[in-house]
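Single-structure report; data block below.
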There are 2 protein chains.
Amino acid sequence: MLTDRQLFLLQLLVNDYVVSAEPVGSRSIAKHDDVNFSPATIRNELADLEEMGYLEKTHLSSGRVPSEKGYRFYVDHLLSPVLLSDDEMGNIRYAYQKKFSETEELIRVTAQVLSEFTNYTAIMLGPELLEMKLKHIQLVKLNETQGVLIIVTDTGHVENRVVSFPESIKADDIEKIVNILNDKLKMVPLYQLQSRLNVEIASVLRAHVRDYERVMTLLKDSLTINDPEQIFYSGKSNMLSQPEFQDVDKIISLLNVLEGKEIVRELMSMPAKGLHIRIGRENKLNGIEDCSLITTTYSVGSEHLGTVAVIGPKRMAYPRVVTLIDMVSKLLTENLNKQE
Amino acid sequence: MLTDRQLFLLQLLVNDYVVSAEPVGSRSIAKHDDVNFSPATIRNELADLEEMGYLEKTHLSSGRVPSEKGYRFYVDHLLSPVLLSDDEMGNIRYAYQKKFSETEELIRVTAQVLSEFTNYTAIMLGPELLEMKLKHIQLVKLNETQGVLIIVTDTGHVENRVVSFPESIKADDIEKIVNILNDKLKMVPLYQLQSRLNVEIASVLRAHVRDYERVMTLLKDSLTINDPEQIFYSGKSNMLSQPEFQDVDKIISLLNVLEGKEIVRELMSMPAKGLHIRIGRENKLNGIEDCSLITTTYSVGSEHLGTVAVIGPKRMAYPRVVTLIDMVSKLLTENLNKQE
DNA sequence: ATTAGCACTCGGTTAGATCGAGTGCTAACA
DNA sequence: TGTTAGCACTCGATCTAACCGAGTGCTAAT
């Protein structure tokens, strides 16, 4: 068990290290006003904390740096939430004043606010498209052989795709088909579209429509949801000014990870609800061993959850980020649900 | 005027420099099989080329590097288009085999192909949204007070936004309004929507609809096109492995430029049609003085043009990029217009 | 007109030398 | 017994000087 003084020193050290990014020595800790024991005493305590695995040295005679265990302990037991200045609060609220024309824009702005105020990178995941339910489907003809198929979900998300129909399909058939789809597929979750198509729709179509075969393949293609992930980034380059990424190779591999698909999987693997922090190697994903991930969720309607995430160096300003991410996820949820 | 031998040497030197990224010396030029004069002769010629401004030295006793004038001459007079291997051709065509559900996806894939095969960064600009004409407008109700307004253009582009209507507006009014809009605004370019709204629509609405004031502000908001630029990137991090960007500061400023809005303006300032190359300082945009920009256009329908661009270091494999960008812009146009 | 030879330039690399921030340990102290 | 001053030691970071090699321009010979 840690003594009070050890807790105190651990907290001080992490706080110092977070701002300086340099190993912290006993002397610099002793400089704090509220520390009234000598560097030598501090050295003894730090040596103990190191032995217990909360601290590390970068080389034999360097100052101390928090280990992952140290960060973990810090976020679990020593994290005191921080208040934002009125100024900052005002600026954040201000960003949400304007009218958002598309939902996407609202999410994008949230990402931007988050990355700007944390100075790290923000990642937003839209709610699972496949879980959404079909609200309405519609075909707008562009010309004789092409049209745009529009799929609206219960959350207000809109998918669209250009389709071209062979001449063998007549105009009145098309209308009939769209009506059938709307009738049979209303409130069906998108992931079920294909199977419903094969089962219920197929038989109805066969009875009512000419050139059944082609219509079916056309529908099958059109009702496939190709890329079920909506992902938004902001502030990717913020990471580059962090001192831990002054090495070009690290930059490249980090950016590659950020731009890759695996990061999505990593984010999806976070526990479903509430705020979570994963530090360094706690992330399964290779390439972000030196980063921490803080995530929480926002909601669209009553059931659909999206993810808000901040990725920064392990040496992250945890209290501030926790406060901010919590705040914007609430603002986002609010705005999404009483959008006017 | 340049002698044949000088032309030949300039071409050789640029080609060498493009692959090596190191100042080229007389000895290494002399090593080429088809060069049958000595380093000393080459030195004399290079000194002349330098005096004429086509070449530069990085320091007093270094090899030569093409100047911007040198590159300009090279692309204008010495650029011999390069053939792609069957293998590569196959791979590119293969990328266009799959079904594209949304137009966006097609553009995104094109960007990806381009960045992967050039190893530089690809930027795509969608056709000017504001130039598109309204094809159809529709409101899908989500619940009692909210709906999704969907705007389809003649090119098949779909804009959508969530709107919430006050209770004072009745359901049959809404239907009436949408009908009026479709009637009066069909084939009106999007940039005219606002003015048409104020002139023609206003009077009709005032006559037919309750709570005219609120409806008008609602419509005004909904029919604003907020962010008229569609922009897609691919391969931003490709630039980082270029030897000219081994410096972290350069990386940061380059990425900031790429992520900023000004790059769009720079791209829009390129001549309207055909293939164009801007080298280094020929770009007005600060921060890409060491880069070259190659652009061309693609078309959607008969009139709408989008931009395909590749940005790379001045020391770019011009022949290869020219071939590739030309090829993908054609493939993109093809696929957009006979999309099936 | 071309080329071999040579003195010279200059960036990049290597090897010490030096500095300073930090430690652990020991011994003295409250 | 817990705290602290003192000291020898470690090690990264910075600076300097030496050196190497790729390259040039110029001169003189072919």
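A note on names: the letters A, B, ... follow the listed sequences, proteins ahead of strands, and every chain is numbered from 1.
- The shortest distance between the side-chain N/O atoms of B/R43 and the OP1/OP2 oxygens of C/dT3 is not below 4.0 Å.
- Note on A/S26: only backbone sugar-phosphate atoms sit closer than 4.0 angstrom, heavy atoms only; bases stay farther off.
- The side chain of A/T41 lies closest to D/dT4, out of D/dG23, D/dC11, D/dT4.
- Under the 30°/60° scheme for interplanar angles, the aromatic rings of B/Y71 and B/Y17 are found to be tilted.
- In terms of phosphate contacts, A/R5 brings a side-chain nitrogen or oxygen within less than 4.0 Å of OP1 or OP2 of D/dT3.
- One N or O donor and one acceptor, one from the side chain of B/S61 and one from the base of C/dT9, sit under 3.5 Å apart.
- If you measure from atom CG of B/L49 to atom C1' of D/dT24, you get 15 Å, rounded to the nearest angstrom.
- Remark: B/R5 qualifies as a cation-pi partner of B/F37 under the 6.0 Å distance and 45° angle criteria applied to the six-membered ring.
- Taking the ring centre of B/F245 as origin, the terminal cationic atom of B/K250 falls outside the region bounded by 6.0 Å and 45° from the ring axis.
- Considering only side-chain atoms of A/A47, the nucleotide from D/dG25, C/dG24, D/dT4 that sits closest is C/dG24.
- Summarising the geometry, the separation between CZ on A/R27 and C1' on D/dT4 is reported as 14 Å, rounded to the nearest angstrom.
- For the pair A/I29 CD1 and C/dA21 C1', the computed distance is 14 Å after rounding to whole Å.
- Ion pairing between A/R315 and A/E244 holds under the 4.0 Å rule for side-chain N and carboxylate O.
- Distance NE2 (B/H59) to P (D/dA22): 13 Å, rounded to an integer number of Å.
- Closest approach to the B/K57 side chain among D/dG25, C/dG24, C/dG11 is made by D/dG25 (side chain taken as heavy atoms from C-beta onward).
- The nucleotide whose nearest atom lies closest to any side-chain atom of A/L60 is, among D/dC11, D/dT4, C/dT2, D/dC11.
- One finds a side-chain N or O of A/R64 lying less than 4.0 angstrom from the OP1 or OP2 phosphate oxygen of C/dT23.
- Looking at which nucleotide of DNA chain C each of B/N36 and A/E50 is closest to, the 5′-most match is held by B/N36.
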